[in-house]
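Read through the structure below, which is laid out as C-alpha cells, and then see the notes.
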Amino acid sequence: MTRALILIDIQEGMDSPLWGARNNPNAEANAACLLAAFRASGAALVHIQHHSARPNSPLHPDNGGTRIKTEVAPLDNETVFSKHTNSAFIGTPLESHLKTLGVTGVIIAGLSTPQCISTSVRMAANLGFDTWLAHDACAAFATHADYSWSTGVAPMSAQAIHDNEVSILHGEFCQARSTDDILEALA
C-alpha cells in the first residue's frame, strides 16, 4: 500500500484567541515528526492551507493568518493546495493528485479535529482511501461560550470535543493511531 501524509490547516491563524481554549499543545510537534519521516522516506505528502471566504476569519487571506506554521512549513518542492471549505478534497485537486501518485492510503493530521480534520477523514474514507488519523497530531477548540449561553447546553472542553470526534471517526471512517504507532508501522 502506498500512503501519503496530508497535513491540514496547521496555520498561524489557528493561534488566534478567537478560537478559544485548545487541547493538545503537542499537535504541531507530532505533525512535524510525521513530516520528517515522510521527507526522509521520500513518500508522498501534501500540505493543505485554508483560505477562508469569511472576512473576519483569522484564516482569511487579508488577516495574516494563512501562513503554514514554521514547524511544518512546506519545502519548495512540496505540494500545497489551498481550500475554501472544511474538506481538503472539495475544490482542490487532492483526490486526483493522490490517485496519479498511486496512493491508496492516507494519514491525516492537523487542525481542527471536529471541523476540517473530521470532514477530510470522512471524505478520504468515502473516496476509498485507507485512512489513518494521527489523533495526537490534531487538536480541537472548546465550545464557544455564546453557543452554550444561547442554547443552554453545557460547554464542552477542547479535550472532550477532540476525544468525542476521534471516537466517532475511529472504526467507521479511519483507524485512529498515535504518531509513535504510525511511525512504527511505517518503519
Would you say Thr113 and Phe141 make side-chain contact, with heavy atoms under 4.5 Å? no

Contacts table for residues 51-60: side-chain donor-acceptor under 3.5 angstrom, sequence neighbours left out:
| from | atom 1 | to | atom 2 | distance (Å) |
| --- | --- | --- | --- | --- |
| Ser52 | OG | Arg54 | N | 3.0 |
| Ser57 | OG | Leu59 | N | 3.0 |
| His60 | ND1 | Asp62 | N | 3.0 |

What donor-acceptor contacts under 3.5 angstrom involve side-chain atoms of residues 180-187, with partners at least two apart or in another chain?
| from | atom 1 | to | atom 2 | distance (Å) |
| --- | --- | --- | --- | --- |
| Asp181 | OD2 | Arg177 | NE | 2.7 |
| Asp181 | OD2 | Arg177 | NH2 | 3.2 |

May I have the step-by-step check of side-chain contact (heavy atoms from CB on, under 4.5 Å) for His162 and Ser112, ending in yes or no? CA-CA 9 Å; His162 176 82; Ser112 81; over 6 Å; no

Beyond-backbone contact of Asn86 with His50, side-chain heavy atoms, under 4.5 angstrom: no

Main chain of Asp163, side chain of His135: is a donor-acceptor contact present, judged purely on distance under 3.5 Å? no

With clusters built from Ile, Leu, Val, Met, Phe, Trp and Tyr whose side-chain heavy atoms come within less than 4.5 Å, directly or transitively, what are the remaining members of the cluster of Leu75, listed by chain and number? none

Knowing that exactly one of Ile10, Leu35, Leu5 qualifies, which makes a side-chain contact (heavy atoms from CB on, under 4.5 Å) with His47? Leu35

Does Thr66 offer a backbone N or O that forms a donor-acceptor pair with the side chain of Gln49 under 3.5 Å? yes

Whether Glu172 and Arg122 form a salt bridge (side-chain N of Lys/Arg under 4.0 Å from carboxylate O of Asp/Glu) is what I want to check. no

What residues, two or more places apart in sequence or in another chain, satisfy side chain to side chain contact (heavy atoms under 4.5 Å, CB included) together with Asn26? Asn24, Asn30

All heavy atoms of Ala134 vs all of Ile107, minimum pair found to be CB-CG2, 4.4 Å

Closest non-hydrogen atoms of Ala31 and Leu7, given as atom of the first, atom of the second and distance, are CB-CD2, 4.1 Å

Should Glu28 and Leu111 be marked as a side-chain contact (heavy atoms from CB on, under 4.5 Å) after you check the CA-CA gap, both sets of side-chain angles, and the distance that decides it? CA-CA 9 Å; Glu28 290 87 347; Leu111 304 170; 3.9 Å; yes

Side-chain donor or acceptor of Ser118 paired with backbone N/O of Gln115 under 3.5 Å: no

Indicate the atoms forming the closest heavy-atom contact of Gly102 with Thr2, along with that distance. O-CB, 3.4 Å

Side chains of Lys69 and Gln11: does their closest heavy-atom pair fall under 4.5 Å? no

Any donor and acceptor pair, going by atom type alone, linking the side chain of Ser120 with main-chain N or O of Ala88 inside 3.5 Å? yes

For Ala21, which residues count as a side chain to side chain contact (heavy atoms under 4.5 Å, CB included) partner, sequence neighbours excluded? Ala142

Counting only heavy atoms not in Asn77 (residues, nucleotides, ligands), do more than 12 fall under 6.0 Å from its CG? yes

Is a side-chain donor or acceptor of Thr119 paired with a backbone partner of Cys116 at a separation under 3.5 angstrom? no

Residues that, via side-chain heavy atoms closer than 4.5 angstrom, fall in one hydrophobic cluster with Leu98: Ile6, Ile8, Val46, Ile48, Phe81, Phe89, Ile90, Leu94, Leu101, Val103, Val106, Ile108, Ile117, Val121, Met123, Leu127, Phe129, Leu133, Val166, Leu169, Phe173

So, Asp136 and Thr179: side-chain donor and acceptor under 3.5 Å apart, yes or no? yes

For atom CZ of Arg39, decide whether the heavy atoms of other residues, nucleotides or ligands shown that lie under 6.0 angstrom number more than 12. yes

Donor-acceptor pair, distance only, cut-off 3.5 Å: does the side chain of Arg22 make one with the backbone of Gln159? no

